[in-house]
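Atoms within a ligand are numbered from 1 in the order they appear, just like the ligands themselves. Along the sequence shown, residues carry numbers from 1.
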Amino acid sequence: MSTHAPTTPTPATPGKSMDAIMALCKRRGFVYQASDIYGGINGFWDYGPLGAQLKKNLREAWWQDMIMNPCWGRKGPGGERVRCVPVETCIIQHPKVWEASGHLAGFADPMRKCPGCGHFVRADQLRDVLKTQSEWVASLLNEFEALKQTQTFDRDRLTKWARGKGKKLAPNLALVTSTETTLSWLQERMSTWAINPMNDDEIIDYAATAQLQQTGLQQPCPRCGGVLGTPAPFKLMFETYAGIIQTDDNKVYLRPETAQGVFLHFKNVVDSTRVKVPFGIGNTGRSFRNEITPRNFTFRSREFEQAELEFFCHPDESFEWYKFWRDFRMEWWQSIGLAGENLILREHAKDELSHYSVGTSDVEYRFPFTAPGFGELEGIAHRGNYDLTQHQTHSKVKLDYFDTTRGETLPNGGKKGERYMPHCIEPAAGLDRGTLALICEGYTVDPSRPSPEILKLHPRIAPIKAAVFPLMDKDGLPEIADKLTDDLFANFGRLGFIESDAKQSIGKRYARMDEAGCPYCFTIDGDSAKDQTVTCRDRDTGQQMRMSIDKVVGFVGEKLGV
Ligand code: ATP
């Protein structure tokens, strides 16, 4: 996870606790732990009725705005219409695909094992994990807060910590197991504190180092404080076998990304359709990564869904297309409800880029668990011609493109044509992270409301589109409600749920819909039968207005943008 410090840190919105959000997700049927009744399985999450529809709405918004009507009809950098087509490709592909893509050799995270407790931690996440998830580190740094004020070494205080809290929380930490020697190094270092202050990383490492002269500074296990081993690669691809015989010859892999399926069919799509470069091929579907530390709810899962577009263009135009897609993707997330300072577009620094990429940007969201930093929602990468070239080399099938619109002009006015390997711009979004960001952004606590938890989802994405409530279950009100429900269902049932509920107090019914993110509730009361009007209640403001029943469908349609 990339958790980058924002330029102007803003605290997470008060009340947006992940525990509260996860509790709401379970209570209202958005997200359940997979295999819940067996105690769950780490890194796997299922979606309940509302979550399944919410994620489907997100996927369909992506499909609509990226494939069917790309970029809302906006023209590309050269003034051309943006053209995209879909494919649907298999989770399991020929193993050579992953050799060509580089995943077999390179798709591994550097892991460090603690010999003390057997815990594994990702080497590149160690600092982050130590400072955000380790109980003993939090406790030790708390002790140092006081020492920082006076900038003096306090042997008694640190010895007391080592024998008490330290022993309990970090039994393998050098400061606990070899208190005297560890403190002697620390004392020496702290004597220069005034001119050379220690940062938290250094304090943690000193606490983990008993024999500084022999070993240099050590890095500790976030769980028990033991000294971590050297980093070793850990393969992230899940393996299985295709066929009855389970040997290496039959070994196959669950795809770690959907993109490769697109590159494999670049030539098929060009040959079987009338698309011409520049054009894109999109693909949505499940990907699998055996993440070492799945965490932060659905943010880092082992099974997740991606929505990826590979946009092929002429090398000379590729940088313009890269900028075009980078900016559009940011605008797109804003259009479905992530507008505001919780969303940023972060251009990668040169040293972060893959060797083949001339530009990569991430759309990042400030999740409650990354705040004040951000976590990646989507990466937009200029991939050059790396993937097509790799597959051409490994498959020995020519994947270059003959462009009849380029080259010298011939005497007959036509073009001589130009053969080239297209460059590719890849906006790669995660639908689970997207769904989570929408839930986190929408989750609002308003203590002034009778039921303070509200999920302010954009109407286009909300899983329940409208609710109809007869105030009483008599006097003809249910019949009017049924008729309105039928009308709403006929018009918008394909986009989400239409709820109808005649039970409980009206306040409780509104509260249920607020938590579920339903943008509009329509209440039928005694006057409805007389003047054919209903009350429309707005989820976000709680305000109510009266409207004619025959205007309801038009009103909802306008709000949903359909
Ligand atoms: P990270 O650095 O967070 O591991 P990544 O850069 O490896 O992510 P990509 O390979 O660019 O991710 O995948 C594109 C998108 O797929 C990501 O932006 C993210 O939304 C989603 N994604 C990747 N890994 C996971 C995961 N383990 N769980 C959920 N979504 C994921």
Side-chain angles (χ1 to χ4, degrees), residues 1-4 31 34 41-47 51 55 58-59 62 66 98 101-103 106-111 122-125 128-129 234-238 254-263 282-310 325-326 329-330 332-333 336 338 343-349 352-354 356-357 359-367 369-370 373-383 386-387 424-440:
M1 173 181 58
S2 50
T3 48
H4 309 281
V31 183
I41 168 165
N42 198 9
F44 296 88
W45 297 93
D46 291 334
Y47 289 85
K55 192 169 155 197
L58 178 64
R59 186 188 307 113
W62 184 92
M66 295 292 280
W98 310 113
S101 67
H103 283 92
F107 198 55
D109 280 334
M111 295 300 300
R122 240 174 90 166
D124 58 340
Q125 292 177 351
D128 182 36
V129 172
F234 172 89
K235 288 214 165 63
L236 289 178
M237 275 201 291
F238 281 98
L254 305 192
R255 67 178 173 201
E257 61 173 35
T258 57
Q260 295 305 320
V262 168
F263 296 119
N283 198 10
T284 66
R286 299 280 173 141
S287 292
F288 301 81
R289 295 182 190 177
N290 196 4
E291 298 278 2
I292 296 131
T293 35
R295 61 194 168 124
N296 292 331
F297 203 16
T298 58
F299 181 88
R300 188 168 298 287
S301 315
R302 290 182 166 142
E303 175 173 348
F304 55 96
E305 189 171 346
Q306 293 181 303
E308 298 192 284
L309 181 81
E310 309 305 317
W325 281 109
R326 180 195 64 185
R329 292 307 299 154
M330 178 71 178
W332 186 80
W333 285 108
I336 54 169
L338 296 186
L343 194 72
I344 56 163
L345 183 65
R346 188 181 69 86
E347 186 93 37
H348 283 209
E352 274 182 273
L353 297 175
S354 340
Y356 50 80
S357 181
T360 297
S361 298
D362 287 343
V363 177
E364 298 184 339
Y365 179 72
R366 186 190 282 130
F367 291 92
F369 48 80
T370 60
F374 293 80
E376 176 182 330
L377 207 53
E378 166 161 356
I380 301 103
H382 185 309
R383 297 183 64 91
Y386 175 78
D387 304 272
C424 178
I425 313 302
E426 177 192 79
L431 294 180
D432 303 275
R433 284 192 194 171
T435 303
L436 182 59
L438 291 168
I439 290 174
C440 292

Practice prompt. Compute whether any side-chain donor of one residue and acceptor of the other, for Gln306 and Ser287, lie under 3.5 angstrom apart.
Written response: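 Gln306 vs Ser287: donor-acceptor pair found between side chains.
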Worksheet item: Between Gln260 and Ser101, is any side-chain donor less than 3.5 angstrom from a side-chain acceptor?
Response: no
I want to know if ligand 1 touches [X] in the polar sense, i.e. an N/O pair below 3.5 angstrom.
X	value
Glu291	yes
Phe304	no
Arg122	no

Worksheet item: Do the numbers put Arg329 on top of the ring of Trp332, so that NZ or CZ is under 6.0 Å from the six-membered ring centre and no more than 45° off the axis?
Response: yes
Residue-level breakdown please: for [X] versus ligand 1, do any non-hydrogen atoms fall below 4.0 Å on the side chain, on the backbone, on both, or on neither?
X	result
Arg289	side chain
Leu377	backbone
Arg433	side chain

Fill in: Test: Arg346 and Glu376 ion pair at under 4.0 Å
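Not counted as a salt bridge, because no side-chain N and carboxylate O are separated by less than 4.0 Å.
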Fill in: Ala428: numbered ligand 1 atoms lying under 4.0 Å from its heavy atoms
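With Ala428 as reference, the close atoms of ligand 1 come out as 14 (C), 15 (C), 18 (O).
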Discussion item. Check for me whether the distance between the ring centres of Phe367 and Phe369 falls short of 6.0 Å.
Written reply: yes
Practice prompt. State if Asp432 counts as touching ligand 1 under the rule of any non-hydrogen atom under 4.0 Å.
Written response: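 Heavy atoms of Asp432 never come under 4.0 Å of ligand 1.
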Discussion item. So, 4.0 Å and heavy atoms of Glu257: is ligand 1 close enough to count as a contact?
Written reply: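 Glu257: no contact with ligand 1 (<4.0 Å).
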Discussion item. For Leu377 and Leu338: C-alpha separation, side-chain torsions, deciding distance, then whether side chain to side chain contact (heavy atoms under 4.5 Å, CB included) applies.
Written reply: CA-CA 11 Å; Leu377 207 53; Leu338 296 186; 3.7 Å; yes
Worksheet item: What's the verdict on side chain to side chain contact (heavy atoms under 4.5 Å, CB included) for Asp362 and His348, showing C-alpha distance, side-chain angles and the deciding distance?
Response: CA-CA 8 Å; Asp362 287 343; His348 283 209; 2.8 Å; yes
